Amino acid sequence: MNGISRFFWFCSGAHIATLEKHPTEHNKYLGIGATIFFTGLFAALSGGYAMFFVFKGGDFAWLFALFFGIIWGLAIFNMDRYIVSSINKNASNNKQFWQATPRILLAIMIGMVISRPLELKIFDKEIKERLNVSYLNGQRSKIDTLNKAFDKKYTIEIGKLNTAKAERDSLAAAIKADRQKLNFEIFGNKTNETSGVMGYGPYAKRKEAELKQREQNLDTLTKDVRAMEKFVDGRKQFDGLMTEKLYTTKQLDSLSNIAGFADRNWALGQLSYNVDGTRDNNTAIAVTFIGLLFIFFECLPVFVKLMSSRGPYDQAVDNIEFAQVHLSNKDRDFEVEVADGIHETRVSTEIEKRKEQIRNKAYRDLNAE
């Protein structure tokens, strides 16, 4: 337990040698350190998960995710440790608040970055369903666009085909009706257009000859329709319409499984809306509160440090810093006095040296005379 406590003290940024002298402060800094540690752990999981999707499908995706996750977690851990340890509890409450304000803003930004990949994992099922709908709508839109472009490109040919089909269907319906009338005539069924006399008479023979001619015309028209359909289908095959089909459930699941980080992030944002575009308040609130939870968790070490009262550890740290500053000032004074003494010695030595030079010169001049 002592080793774990010391580790969390280190995570809190506390001076361990000083903290050990004040047992009443141990739990407070153990809690602060544990919060910072688990924030870094969540950051590592978040960064690793995000990087896994960036390199998803590669042979070393898990290795990149592990490496980046560790680096990202350590970076967030170090930043949080600095943010908390830099808050001076010996300052006034207003000064502490202004010291913490930029750190809180930074913590909020870090919390937003950390929470997003974890939200992607939490709403993984809902994201896949929304991606399936998106991919299906996209494929349907693509097919509709191709069909519209094809219809515009081959307007004349498609118009002739539709006209021929309508003519064929009309002729086939007329032949069917006339065939029924012929049967009524042969079997003696009395109608407005039949004689009611049973037998294969001249009228029946004439109607049958007309039917055969019209059936030949129908066969010719049907062949023409088939030829035009074959041409249109060939053009569709050439333009790629025949190969474009709506995705199956298996294909949609496969596409959503290999979706990248950007697509999944977009789908997460779309969870706040229904498929028809209306607002889904329940899901929107859930996504928002989960994001706020991670942001609050990231800001928690700063809040804990701000809410904690000034304890003996803070006073001891203040005294140590005061003593170190005082010692530093004394060292400065010492160095200044030494520098002044050296300077005075150098000046006096130089004065004596130059005086000696003047005396020697005057003595030489006197002897020369």
Side-chain angles (χ1 to χ4, degrees), residues 128-259 263 267 270 274-278:
K128 287 183 178 180
E129 292 178 355
R130 186 54 59 92
L131 285 174
N132 288 346
V133 173
S134 175
Y135 292 148
L136 188 61
N137 291 337
Q139 183 67 3
R140 184 180 290 114
S141 177
K142 182 180 180 181
I143 293 174
D144 292 342
T145 301
L146 289 174
N147 284 328
K148 289 179 181 179
F150 182 84
D151 293 342
K152 184 177 181 180
K153 184 177 181 181
Y154 298 99
T155 303
I156 298 176
E157 290 80 358
I158 294 175
K160 289 181 179 179
L161 175 60
N162 292 333
T163 302
K165 284 182 177 181
E167 186 178 350
R168 179 198 61 186
D169 294 340
S170 177
L171 182 57
I175 290 174
K176 182 178 180 181
D178 289 345
R179 175 64 65 182
Q180 186 177 20
K181 293 177 184 178
L182 177 60
N183 291 334
F184 286 167
E185 179 67 27
I186 292 174
F187 292 105
N189 293 330
K190 178 64 177 176
T191 64
N192 293 332
E193 298 181 1
T194 58
S195 62
V197 180
M198 183 181 295
Y200 191 66
Y203 178 76
K205 292 179 180 179
R206 187 174 69 253
K207 292 296 292 183
E208 185 175 21
E210 291 177 356
L211 280 173
K212 288 182 178 179
Q213 181 61 41
R214 297 179 73 181
E215 286 175 346
Q216 290 177 358
N217 294 337
L218 178 61
D219 292 339
T220 301
L221 187 58
T222 301
K223 291 179 181 179
D224 293 339
V225 170
R226 289 175 179 173
M228 285 187 284
E229 287 179 338
K230 184 177 181 180
F231 170 79
V232 172
D233 290 341
R235 292 293 89 191
K236 286 184 177 181
Q237 185 71 32
F238 179 79
D239 290 350
L241 269 71
M242 304 299 288
T243 57
E244 293 293 340
K245 299 179 180 179
L246 291 177
Y247 293 128
T248 63
T249 302
K250 185 176 181 180
Q251 288 175 323
L252 288 173
D253 291 338
S254 177
L255 287 172
S256 61
N257 286 332
I258 63 174
D263 287 345
Q270 294 299 311
N274 294 313
V275 178
D276 58 2
T278 58

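Predicted, not measured: the structure shown is a model, and the values here were computed from it. Hydrogens, waters and symmetry mates play no part in the numbers below; they use all other heavy atoms, side chains included.
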Could you tell me which residues satisfy side chain to side chain donor-acceptor pair (under 3.5 Å) with Arg226, sequence neighbours excluded, listed by chain and number?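 Arg226 satisfies side chain to side chain donor-acceptor pair (under 3.5 Å) with no residue once adjacent residues are dropped.
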All side chain to side chain donor-acceptor pair (under 3.5 Å) counterparts of Asp169, not counting sequence neighbours: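 With neighbours one apart ignored, the set is empty.
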Leu131 and Asp263: which non-hydrogen atoms are nearest, and at how many Å?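 Shortest heavy-atom separation between Leu131 and Asp263 comes out as CD2-O, 3.7 Å.
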Testing the basics here: between Met228 and Ala164, what is the closest heavy-atom pair and its distance to 0.1 Å?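 Where Met228 meets Ala164 most closely, the heavy atoms are CE-CB, 3.3 Å.
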Would you give the length of the straight line joining atom CD of Gln213 to atom CD of Glu215, rounded to the nearest 0.5 angstrom?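 Going from CD on Gln213 over to CD on Glu215, the span is 10.5 Å.
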Could you tell me the separation between the OG atom of Ser141 and the CG atom of Leu136, rounded to the nearest 0.5 Å?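 If I round to the nearest 0.5 Å, the distance is 11.0 Å.
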Quickly, which of Asp224, Thr220, Val225 forms a side-chain contact (heavy atoms from CB on, under 4.5 Å) with Arg168? Name it, please.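 Answer after filtering Asp224, Thr220, Val225: Val225.
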